[in-house]
Every structure is written in structure tokens, then in C-alpha cells.
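In this chain, residues are counted from 1 in sequence order.
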Amino acid sequence: MFIKVGGAVLFLILPSFCSMLSVGDYTLQTLNVQEFSLDGGSVFGVVPRVLWEKVIPPDHLNRVRLSMRILLIRGKGRNILVDAAMGTAWSSKMRSIYDLSEWRLDEELQKAGLNREKITDVIFTHLHFDHVGGAFEEKDGELAAVFPNARYYVQKENYETAFHPNMKEKPSYPSSFIRALGQSGSMELVDGIVQLSPGIEMVPMGHGHTAGHQLVKISGEEKTVVHGGDLIPSSAHLGVIRGLAYDIAPLEVIREKIALLDNLISGNWILYFAHDPFITAATLREGEKHVVVDREVAV
């Protein structure tokens, strides 16, 4: 949450109470591992500051504070993570630029009764730095896998894009992490909609953000949860024109977002936000001007 002290805006980390959500054969839980800051204009694109600063107040460098939460899916003998945040393998300069918080992975796993060795799978929505970096740590000058027993899943198109990025996206795909992933021997490239386990699907959607972006859909008889990746990274991005400056095809983002929001509302599905500093997950409804949060859901 945010508070103001003497005119300054402070970001507070609230304690985790290990909320869990049951979906079919699986239990979903959030790992609040890290926060970072990005330029407000990069986060809200064409939306004027006078509008977005009411939602997330910027700091003196015009940066907004965002969460990098990891979704833990447990069931059928598997412990699955969706994305891996930024982690620790960053220079002091980059830590300062992103105002990178401490790395609380081990503490969060311990709260869940797990450790790094017990993670069986890591699904990447895409391989931008704030989603892949936490899967590796620096040891003896090299990048080593944080989850030694895990398989890594990414859409083939996204891996190819990350390996040969275009000029616009090159800073978002640090080559050291992409090489480490390719050399890990644990990566599985998927193509199209793929069922990782009964009730868990990797669904390509969000190509407007970056080629090969995928969502993760967890389905049960009574509930369905969709991890919004960076197609809808926060509740502040529910408006269809509220895209990221990082998006490579803004009009495609609009089309994809409309289709996803229609499914979420008609199916009463739960949307999981990776970067929202306030709301972890929610059901949605039509508002006066655009889709809005209907009911917050603890995960």
C-alpha cells in the first residue's frame, strides 16, 4: 500500500498471510517475492500522467512502484510457478535504475512449505527481464539455475524473439538470461495451446505485447483463473486503450484485450494480476466507461 509522509509517497510491503485459492485439483498461492519501479510513461503509454498518477503515485523520478508476484500452482504431484520476477543477478547500477527490492523467494517458499528443489515446473508468460531474471542467480561469475529440478516452458515464438530481439525490445531481453535458459537443458518450447497438466493450459495471447506471449489458464468445475501476464498486468490496465509503452503492436493489444475481457466477464473467471501493487486477483464487470474490478479475490 502507499502512504504519504511529509509529502513523500512511500510503498509499504504488507505481511503475507499465505492466502490460498482452490481451483479444481489445484491450490493457488501468491509468492510476494519482489517489487520494482518503472517510468510511469512506460507503464501507462498514451494515458496522461494527470490520470494515472491518481492510481499509482510516482516518485521524484516519475517512477511507479509495481509488484512482481509469482503464482504458485500445486497439485497432482507438481509445484508450478508462473514467471520468476527479476531476482538478484543485476549490477548495482541496474538495481538503482529499477529501485529493486530485496529478493524474498526463499522466505515465501518456506511459508508455503517448499524450497527451491521442490519446484517442478516454471511457466514463462514471456522472457522479458522482469519475468525470467529470477530463474537464475550468479555463482562464480556464471548464471546458475535457481530451481535445479524444474522444467521451463515458453512459447517457441517468444524464445526465438528473445534470442534475436528487434531493436525496440532488445533492452527487455537481456542476452545473458536468454543464453542461460537455452543452455540449461531444462527448457521445453511449446507451440500454441498446450495442456501442461489436466486443468492447466498455456494459451498464446498477447502477441501485441511481444511475439509469443502466453497466458496461463487454470480450470476447475466451479472456478477458472487466468494469469494476465503483461496483456493485463494490473487493474489499472483494464481499459482497452491502457496499454504499455513496451507493447510492440498496440492495436493488437486492444483486440486481444477485448477478447480476453469478454471471456472473463461472461465466464465469471478470475483474473490474476502480476504487477498490480494493490490487487492480486479479481472478477470483473462492465463499468460506466470500461471494464472494472467487481470482486477482489485472495490468492
Side-chain angles (χ1 to χ4, degrees), residues 11 13 16 18 29-38 65-74 78-155 158-159 161-163 165 169-189 196 210 214 216 227 229-230 233 246 274-275:
F11 184 87
I13 302 169
S16 172
C18 295
Q29 185 173 341
T30 291
L31 304 182
N32 288 304
V33 296
Q34 208 166 25
E35 295 81 36
F36 71 143
S37 297
L38 291 177
R65 197 69 168 155
L66 301 173
S67 291
M68 286 186 288
R69 55 177 62 94
I70 296 175
L71 180 61
L72 167 64
I73 307 169
R74 309 173 71 173
R78 305 178 90 149
N79 299 309
I80 305 164
L81 302 182
V82 181
D83 287 331
M86 283 181 68
T88 61
W90 298 91
S91 67
S92 58
K93 177 181 178 180
M94 298 306 289
R95 288 172 182 270
S96 177
I97 288 174
Y98 292 114
D99 192 17
L100 194 60
S101 77
E102 73 276 21
W103 180 231
R104 302 183 299 272
L105 174 68
D106 292 320
E107 293 87 341
E108 290 292 296
L109 286 173
Q110 185 177 22
K111 291 175 186 177
L114 298 173
N115 56 42
R116 300 179 180 196
E117 288 73 22
K118 292 182 180 179
I119 299 303
T120 59
D121 310 271
V122 180
I123 303 172
F124 293 113
T125 58
H126 59 302
L127 299 176
H128 279 174
F129 65 92
D130 54 320
H131 297 258
V132 69
F136 300 93
E137 62 185 351
E138 190 171 334
K139 287 187 176 181
D140 300 324
E142 302 289 337
L143 288 178
V146 166
F147 309 107
N149 300 316
R151 302 294 297 174
Y152 300 104
Y153 303 87
V154 63
Q155 289 286 328
N158 187 247
Y159 177 71
T161 296
F163 202 78
E169 291 191 282
K170 190 172 184 178
S172 295
Y173 287 118
S175 59
S176 58
F177 293 116
I178 307 306
R179 286 197 304 270
L181 180 63
Q183 295 168 1
S184 68
S186 300
M187 181 178 63
E188 294 193 20
L189 299 179
L196 177 62
T210 186
Q214 65 182 355
V216 180
H227 188 294
D230 273 357
Y246 299 104
H275 292 310

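Residues A84 and A135 share a closest heavy-atom pair of CB-N, 3.5 Å. Taking both residues in full, the closest heavy atoms of F177 and A89 are given as CZ-O, 3.7 Å, listed atom of the first, atom of the second, then distance. Between G182 and Y159, the shortest heavy-atom distance links the atoms CA-OH, 3.5 Å. The minimum heavy-atom distance between L105 and V33, with the atom names listed, is CA-CG1, 3.9 Å. Shown here for W103 and G134, the closest heavy-atom pair between the two residues is CZ2-O, 3.7 Å. The shortest heavy-atom contact between P174 and W90 is CG-CH2, 4.1 Å.
Checking side-chain atoms of D121 against main-chain N and O of Y153 turns up no donor-acceptor pair under 3.5 Å. Counting only distance, with no hydrogens or angles, the side chain of E108 and the backbone of N32 share a donor-acceptor pair below 3.5 Å. Side-chain atoms of S184 come within 3.5 Å of backbone N or O of S186 as a donor-acceptor pair. Not a single donor-acceptor pair under 3.5 Å links the side chain of N158 to the backbone N or O of H126. In this structure, the side chain of S101 does not engage the main chain of Q34 through any donor-acceptor pair within 3.5 Å.
Residues F163 and L181 form no side-chain contact, since every pair of their non-hydrogen atoms from C-beta on lies 4.5 Å or further apart. Using a 4.5 Å cut-off on side-chain heavy atoms (C-beta onward), R95 and T88 make contact. Taking the side chain as every heavy atom from C-beta outward, K93 and I97 approach each other to under 4.5 Å. Put simply, the side chain of R116 reaches to within 4.5 Å of the side chain of L109, judged on heavy atoms. Y152 is not listed as a side-chain neighbour of V132, based on a closest heavy-atom distance of 4.5 Å or more. Residues D130 and L66 form no side-chain contact, since every pair of their non-hydrogen atoms from C-beta on lies 4.5 Å or further apart. Looking at F36 and H275, their side chains come closer than 4.5 Å, going by heavy atoms from C-beta outward. Side-chain contact check for I80 versus V216: every heavy-atom pair is 4.5 Å or farther apart.
To the nearest 0.5 Å, the span separating NE2 on H128 from CG on D83 amounts to 11.5 Å. Taken to the nearest 0.5 Å, the CG atom of L38 stands 10.5 Å off from the CG atom of D99. Going from atom CG of L72 over to atom NZ of K111 covers 13.5 Å, rounded to the nearest 0.5 Å. Distance CD/Q155 to CZ/F124: 13.5 Å, rounded to 0.5 Å. Rounded to the nearest 0.5 Å, atoms CG (L196) and CD1 (I73) are 8.0 Å apart. A distance of 10.5 Å separates CZ in R74 from CG in L81, rounded to the nearest 0.5 Å.
Counted within 6.0 Å of CD on Q110, heavy atoms from surrounding residues, nucleotides or ligands total 12 or fewer; the atom is thus considered open. Within a 6.0 Å radius of CD in E188, other residues, nucleotides and ligands contribute more than 12 heavy atoms.
Judged by distance alone, the side chains of T210 and E169 do bring a donor and an acceptor atom under 3.5 Å apart.
With sequence neighbours excluded, no residue forms a ring pair (Phe, Tyr, Trp, His ring centres under 6.0 Å) with F147. In this structure Y246 satisfies the ring pair (Phe, Tyr, Trp, His ring centres under 6.0 Å) test with no other residue, sequence neighbours excluded.
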> Can E138 and S176 be said to form a side-chain contact (heavy atoms from CB on, under 4.5 Å), step by step?
Replying inline: CA-CA 11 Å; E138 190 171 334; S176 58; over 6 Å; no

> side-chain contact (heavy atoms from CB on, under 4.5 Å) between L100 and M68: does it pass, once the steps are laid out?
Replying inline: CA-CA 10 Å; L100 194 60; M68 286 186 288; 3.8 Å; yes

>> Let's go through H227 and I123 carefully: what are the C-alpha distance in whole Å and the side-chain angles of both, what is the deciding distance for side-chain contact (heavy atoms from CB on, under 4.5 Å) to 0.1 Å, and is it a yes or a no?
In response: CA-CA 11 Å; H227 188 294; I123 303 172; over 6 Å; no

